[in-house]
Amino acid sequence: MEEGVVIDHTILKVDSFLNHQLDISLLEEIGKEFYTYFKEKKITKIITIETSGIAFAVFVATYFGHIPVVFARKQESKINNKDCYSSKVYSFTKDKEYEVRIDKRFINAEDHVLFIDDFLANGQAILGLLEIAKQANATVEGVGIVIEKSFQNGRKRIEEKEVDLYSLARIKGFVNGKVVFVEE
Ligand code: G4P
């Protein structure tokens, strides 16, 4: 409410605490809250997509007893293993398609994974991760989102896949440059 800046009626800039400068106390609380919600599940790995998700995925993993964090890569790498599961993701925000990939050594059929990301807009990034989990035969235990823009259709798309989705802040819309939350 205090630091988010609304841009173009659809984008919330949160770079002073979440995706450029990081508020470490907040990230720790985010980690604790996702742990509290998902702790009954037998989670073996936290999975996110580079870049912004990595920071708080680490706190989530710490609360789960220092389990590994795997971040899906968006950039092709010359030195990293090419033997990857991959999925194409279309970004409406950036109007471009990109590929997300995870090395086959880091996700497999024994894994019970929790997906973590900063924003849920149209759900394309999470759908890409769900596709990768399917290729790897991994079990998806849930999806944790920090900021859900509930006026876009990401939640609907994820719920259609019957995945447990928990968002910390659910935004109904922006009115006069201010955030209006979904009433619980
Ligand atoms: P989707 O996955 O839900 O369909 O979202 P979309 O493709 O539209 O999002 C593309 C990128 O834009 C993602 O970051 C996402 O986190 C970000 N994004 C979406 N809506 C907002 C918003 O309202 N505010 C901000 N600040 N970001 C938003 P990314 O490209 O993966 O960036 P990064 O993680 O490398 O920083």
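Just so you know, ligand 1 is whichever comes first in the structure, and atom 1 is the first atom listed for that ligand. As the structure is a computational prediction, the values presented were derived from the model and not from experiment.
- Below 3.5 Å of separation, one finds an N or O of T51 facing an N or O of ligand 1.
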Just list the side-chain donor-acceptor pairs under 3.5 Å for residues 20-30, sequence neighbours left out, or say none.
from : atom 1 : to  : atom 2 : distance (Å)
Q21  : NE2    : S16 : O      : 2.9
D23  : OD1    : S25 : N      : 3.2
D23  : OD1    : L26 : N      : 3.0

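- An N or O contact shorter than 3.5 Å links L12 to ligand 1 by distance.
- For the 3.5 Å distance criterion, the side chains of D164 and Y37 qualify, holding a donor opposite an acceptor.
- Protein heavy atoms are absent from the 4.0 Å sphere centred on atom 17 (C) of ligand 1.
- Of the N or O atoms in A125, one or more lie within a sub-3.5 Å distance of an N or O in ligand 1.
- Annotation: atom 9 (O) of ligand 1 to nearest protein heavy atom, T93 OG1, 3.5 Å.
- Below 3.5 Å of separation, one finds no N or O of I126 facing any N or O of ligand 1.
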Verdict with supporting geometry, E160 and K156, side chain to side chain contact (heavy atoms under 4.5 Å, CB included): CA-CA 6 Å; E160 279 168 4; K156 182 169 164 279; 3.4 Å; yes

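- Within the hydrophobic cluster formed by Ile, Leu, Val, Met, Phe, Trp and Tyr side chains joined at under 4.5 Å, directly or through other members, L127 is accompanied by I47, I49, V70, Y85, V89, Y98, V100, I102, F106, I107, V113, F115, L120, I126, L129, L130, I132, V140, V143, I145, I158, V163, L165.
- Annotation: L120 places no N or O atom under 3.5 Å from an N or O atom of ligand 1; distance criterion only.
- Under a 4.0 angstrom heavy-atom cut-off, Q152 registers as lying outside contact with ligand 1.
- E131 and S87 are not linked by any side-chain donor-acceptor pair at a separation below 3.5 angstrom, with hydrogens and angles left out of the test.
- Remark: distances from the non-hydrogen atoms of I11 to ligand 1 include one below 4.0 Å.
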